[in-house]
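Presented below is the structure to which this report refers.
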Amino acid sequence: MGTAVMLPLLMTTLMTVVPEEDRGRVMGNVMLAISVAPAMGPAVSGLILAVGSWRLIFIVVLPITVAVIAAGLRYLTNVGETNSGPLDRLSVVLAALGFGTTVFGLSELGAENPILHPAATIGLGLLGIGAFAARQVVLQRAGAPLLDLRTITYRTYALALGLMAVAFMAMIGAMVLFPFFLQDARDLTPLETGLLMMPGGLAMGLLGPVVGRWFDKFGGRLLVLPGAIGALAALIILSQVSLSMPLVAVIATHVVLLVSLAAVFTPVFTLGLSALPPHLYSHGSSLLATLQQVAGAMGTAIVITVMATRSRTLEDSGSDELDALVGGLQWAFGVGVVFGIVIVAFAVFMPHRPDGYGAEHSGTANS
């Protein structure tokens, strides 16, 4: 809930106060928080777990959170005009039930004793999402939707939305699988796992601002398409992981994956939001942040389900536990390959520069 409040406000403020020619550079800094944090999470957690229990993770975060609140209250100022509007409680309930039930249903795929058949759970979730969307269309006529879905009528924004969702599914899914491979298959400690995963997160963080400056200078296509292809190549290699694969090769592939995604995220965020008219910035950033979180959860649910199901099948057919785990990881990373193909397909159609929103919406192009 806290993330749902902060990230859309962050992106809306950026789009409001930063001139278009500087948005790539500033968005590159923003991506440090949005994409590097999940990439660095396993590394930091591994370091913390080396000296204490899992509770220490939350204890360490607590003073940081308090410091952020104090700094925000002291230094942040309102941007633009504030206004009050009605909160449609039914929309909130439908969104929570729809997206939550869908993700839960995905996580139940392959479970031994699911509460309800996963297909039924996913179906109920999709019905909830459909009801939420229908409710927003009705509220749009009155001018007070919780989430204005007219944002997806802008082609560049819709492309960016789809690309970001699939890219986050690939990234978060891979981040979840790496500790399984390094700790369970290769018998490394949480500290060793964290240290080995740290180079990728650091590389992604250092490249974020650089990618932003390159976007302002060269445009999006020279970054997004090579980045998408690099991510696909890394996922293909990871789908062949084995007990004999050198750890250096695994970590190098991990770095390539995160660096490639860094080249994708900043331009796509900037291109997508820049395609919207100012009055839709808040709705566009909210939808991006929502789909990012849901996509990450869905990516995790899908790859873990595939890994567990495949591993169980191999064990039942006579494979030992370790070989079965590696076989499950190969299939799970194979799902990432499918995600990578979709990322490349979206990247091909992303524009080089932000389109003028009025021209784009009328079907013409300015770039």
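Model, not experiment: these values are computed from the prediction. Throughout, residue positions are numbered sequentially from 1 according to the sequence presented.
- Leu291 has its side chain out of reach of Phe168: every pair of non-hydrogen atoms, C-beta onward, lies at least 4.5 Å apart.
- Side chain of Thr101 to backbone of Gly98: no donor-acceptor contact under 3.5 angstrom is found.
- Listed by first then second residue, pairs satisfying side-chain hydrogen bond (donor to acceptor under 3.5 Å, both in side chains) with a partner in residues 231-248 read Ser242-Ser244, not counting sequence neighbours.
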Under 3.5 Å, which donor-acceptor pairs do the side chains of residues 116-131 form with other protein atoms, sequence neighbours left out?
residue : atom : partner : partner atom : Å
His117  : ND1  : Ala119  : N            : 3.1
Thr121  : OG1  : His117  : O            : 3.3

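- Residue pairs meeting the side-chain hydrogen bond (donor to acceptor under 3.5 Å, both in side chains) criterion with at least one partner in residues 314-330, sequence neighbours excluded, are absent.
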Step by step, would you call Leu271 with Val268 a side-chain contact (heavy atoms from CB on, under 4.5 Å)?
CA-CA 5 Å; Leu271 287 168; Val268 169; 5.6 Å; no
Determine, stepwise, if the pair Phe132 / Leu90 fulfils side-chain contact (heavy atoms from CB on, under 4.5 Å).
CA-CA 8 Å; Phe132 170 77; Leu90 179 58; over 6 Å; no
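- In this structure, Thr16 and Tyr281 approach most closely via the heavy-atom pair OG1-CD1, 4.4 Å.
- In this structure, the side chain of Ser311 engages the main chain of Ala324 through a donor-acceptor pair within 3.5 Å.
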Result block: side-chain N/O donor-acceptor pairs under 3.5 angstrom for residues 196-212, not counting sequence neighbours:
none

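- Between the Glu192 side chain and the Thr189 main chain, a donor and an acceptor come within less than 3.5 Å of each other.
- Pairs of residues two or more places apart, or lying in two chains, that qualify as salt bridge (charged side-chain N to carboxylate O under 4.0 Å, His left out) and include a residue from residues 122-147 are Asp88-Arg135.
- For Tyr157 (side chain) and Gly284 (main-chain N/O), a donor-acceptor pair under 3.5 Å exists by modelled atom type.
- With hydrophobic clusters built from ILVMFWY side chains whose heavy atoms lie under 4.5 angstrom apart, Val348 shares a cluster with Ile343.
- A heavy-atom distance below 4.5 Å is not found between the side chains of Val250 and His254.
- Remark: Ala297 engages Val103 in a side chain to side chain contact (heavy atoms under 4.5 Å, CB included) (not counting sequence neighbours).
- In this structure, the separation between CG on Leu273 and CZ on Phe269 is 7.0 Å, given to the nearest 0.5 Å.
- Hydrophobic clustering, with ILVMFWY side chains joined whenever heavy atoms are under 4.5 angstrom apart, keeps Val344 apart from Val338.
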Which side-chain N or O atoms in residues 50-70 pair as donor and acceptor under 3.5 Å with protein atoms at least two apart or in another chain?
residue : atom : partner : partner atom : Å
Ser53   : OG   : Arg55   : N            : 3.3
Thr65   : OG1  : Val61   : O            : 3.0

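- Considering every non-hydrogen atom in both Leu329 and Val241, the closest pair reads CB-CG2, 4.4 Å.
- Taking 4.5 Å as the limit, some side-chain heavy atom of Ser91 sits within range of a side-chain heavy atom of Leu139.
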Show me the side-chain donor-acceptor pairs of residues 223-234 shorter than 3.5 Å, one per line, residues at least two apart or across chains.
none

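- Residues that satisfy the salt bridge (Lys or Arg N to Asp or Glu O under 4.0 Å) test with Asp148, not counting sequence neighbours, are Arg150.
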Return a table of donor-acceptor pairs under 3.5 angstrom between the side chains of residues 169-187 and protein atoms on other chains or two or more places apart.
residue : atom : partner : partner atom : Å
Arg186  : NH1  : Met245  : O            : 2.8
Arg186  : NH2  : Met245  : O            : 3.3

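- Residue pairs meeting the ring pair (Phe, Tyr, Trp, His ring centres under 6.0 Å) criterion with at least one partner in residues 296-323, sequence neighbours excluded, are absent.
- Proximity of Leu325 to Met307: side-chain heavy atoms (C-beta onward) are separated by under 4.5 Å at one or more points.
- At a threshold of 4.5 Å between non-hydrogen side-chain atoms, the residues Phe346 and Met164 do not count as touching.
- At distances below 3.5 Å, not a single donor-acceptor pair connects side-chain atoms of Gln136 with backbone N or O atoms of Leu149.
- Evaluation of the side-chain hydrogen bond (donor to acceptor under 3.5 Å, both in side chains) test over residues 158-182, restricted to residues two or more places apart or in two chains, returns none.
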